[in-house]
There are 2 protein chains.
Amino acid sequence: MNAQRVAYNHLKHLIMSGELPANAPISAEVVGRALGISRMPVREALLQLQAEGLVTFGANRRPFVTARTQKEIVELFEIRVALESLAIERAAPRITPAILDQLGRQLDRMEKATSDPKRWLARHDEFHDIIYAASDMPRLMDEIRRTRYSIQPYIFMYINAYKIPEMPGAEHATIADVLARRDPSLARSALAQHIRDAASGVIYFLMSGQGPAPAIAAPRQRVVSKEKVL
Amino acid sequence: MNAQRVAYNHLKHLIMSGELPANAPISAEVVGRALGISRMPVREALLQLQAEGLVTFGANRRPFVTARTQKEIVELFEIRVALESLAIERAAPRITPAILDQLGRQLDRMEKATSDPKRWLARHDEFHDIIYAASDMPRLMDEIRRTRYSIQPYIFMYINAYKIPEMPGAEHATIADVLARRDPSLARSALAQHIRDAASGVIYFLMSGQGPAPAIAAPRQRVVSKEKVL
DNA sequence: TCCACAAGAACTGTATCCAGTTTATGCCCC
DNA sequence: GGGGCATAAACTGGATACAGTTCTTGTGGA
């Protein structure tokens, strides 16, 4: 595994888990030192993270964790609705009993992970990926993944705060049931509803003052803390 | 303007215009020498182009111009339908007389550029951007732009070969007319139809043996010519 | 006390160098 | 003449060095 990949995975994990909050500056040199590599591969990792929307380069070309406004988060959820609706629409007629089995087993895994938000979210994403994989549209899956990544930090904050509240999988079981009927527009509606529900939860959470209030409310270029820079 | 940007613009232009065909290897050193810079900024430009889907790194980490299969191109057009439908749907209720004027003037510009495919395509993209800008969804516009870029080379080949055949703007005038009624679902249908028409044209062109037949039919890792490598 | 400015520190962009890997060349043997 | 292997060339990833820019800090004057 090359240094670039190491830096990429490291930073991606820190950002998506929220350990590096929005607007936190990222020093390529500090990161490199922490990982025992130079700042060059870190820089290249940062470029890739920029392409995924997780990192932004400021006016001074200095990288920091991308801060999304509420408006942008709503927008990104709407983009997800558009992309994932397409995916499930194409997947629906291609659903097989084997895939339904797989979805059932995945629901079990999600159930078992309810105590661990991070693990649950991973299982949850896998659940959706199983469905989208059936669409046989790999480029679309790429787009979906990218969009998902860019709001992951906020979703993670949300489920972390509420400890996975009313989403114990009931809604996901519904989606699996609807898919069994292989009806594209039915599946589409169910999924759109599902995503919009999640969106309202996240947005409400962010508006309720929880979450990174200053980061969301007033995305500043400069950041005070020099500690948690890594 | 820094060296990285120079390399990025240079390569992007070469790829989107088709001067660098699919599967053409790209030597960072050769490009750098041609531009009077070192290969380091070229490398970083290549990473960004990879994020936009125009460049791919092979198994040996060597970059080449991304080759899309017909299946992928169809997929990317379907993604465009999903994203741009959303955009025009949101834009429709926000259309103002000023925007309609702007669209009218843009139609004139397109008309004047019919003799120059490259120029016409640029004006065409601007026409669509005017509409999407009205949606007030900047992140969505980013996604649309990225998706558009990744099939641009094939669209360019198509309109270059047919010298802008039956798309003299009549269909675009229709879209502008529909937008005047500010009806989201009407606008959505008209645009989806428009994109799918373009898609069929491009796909038919590629299937008809014109276009980069070997690149499309059999995307090979290795390439014979060492001439047009730049 | 507060502002302005200047020196110093920190950071970015880029070139160059080195090591490790992959590809090409050419020779030898069959 | 053709295939296999060894050597050489080319290329990539990464580290380091250096120049130019931006930020920080501290001092002096109002």
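No experiment lies behind these values; they were computed from the predicted model shown. Here is how names work: the chains are called A, B, and so on, in the same order as the sequence lines, proteins then strands, and each is numbered from 1.
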- Within the pair B/Asn2 and C/dT12, is there a side-chain N or O less than 4.0 Å away from OP1 or OP2? no
- For the residue pair A/Phe205 and A/Tyr162, does the interplanar ring angle fall in the parallel (under 30°), tilted (30 to 60°) or perpendicular (over 60°) class? perpendicular
- From CE (A/Met137) to CD (A/Glu89), nearest 0.5 Å: 10.0 Å
- Task: Kindly indicate, with the supporting measurements, whether the criterion salt bridge (Lys or Arg N to Asp or Glu O under 4.0 Å) is fulfilled by A/Arg196 and A/Glu78.
- Result: CA-CA 8 Å; A/Arg196 291 212 170 93; A/Glu78 283 304 305; 3.2 Å; yes
- Among B/His124, B/Arg148, B/Gln106, find the one that has a side chain to side chain donor-acceptor pair (under 3.5 Å) with B/Asp129. B/Arg148
- Note on the structure: Here the distance between atom P of C/dT12 and atom CD1 of A/Ile26, to the nearest Å, is 11 Å
- Rounded to whole Å, CZ of B/Arg33 lies from C1' of D/dA10 at a distance of 11 Å
- With A/Tyr8, which residues qualify under ring pair (Phe, Tyr, Trp, His ring centres under 6.0 Å), at least two apart? none
- Nearest-Å distance, CZ (B/Arg62) to P (C/dT21)? 14 Å
- Separation of B/Met1 atom CE from D/dG20 atom P, in whole Å? 21 Å
Strictly under 3.5 Å: I want the nitrogen or oxygen pairs between protein and nucleotides 5-8 of chain C, one per line.
none

- May I ask you to evaluate whether A/Gln4 reaches the phosphate of D/dG14, defined as a side-chain N or O under 4.0 Å from OP1 or OP2? yes
- Query: Do A/Glu75 and A/Arg68 meet the salt-bridge criterion of a basic N to acidic O distance under 4.0 Å?
  - Reply: no
- Message: Nearest whole Å is fine: how far is D/dG20 C1' from A/Arg61 CZ?
- Response: 15 Å
- Query: Once the angle between the rings of B/His194 and B/His128 is folded into 0 to 90°, is it parallel (under 30°), tilted (30 to 60°) or perpendicular (over 60°)?
  - Reply: parallel
- Contact list for DNA chain D against residues 35-42 of chain A - heavy-atom distance below 4.0 Å: A/Ile37, A/Ser38, A/Arg39, A/Met40, A/Pro41
- Query: Do NZ/NE/NH1/NH2 and the carboxylate oxygens of A/Arg145 and A/Asp125 come within less than 4.0 Å?
  - Reply: no
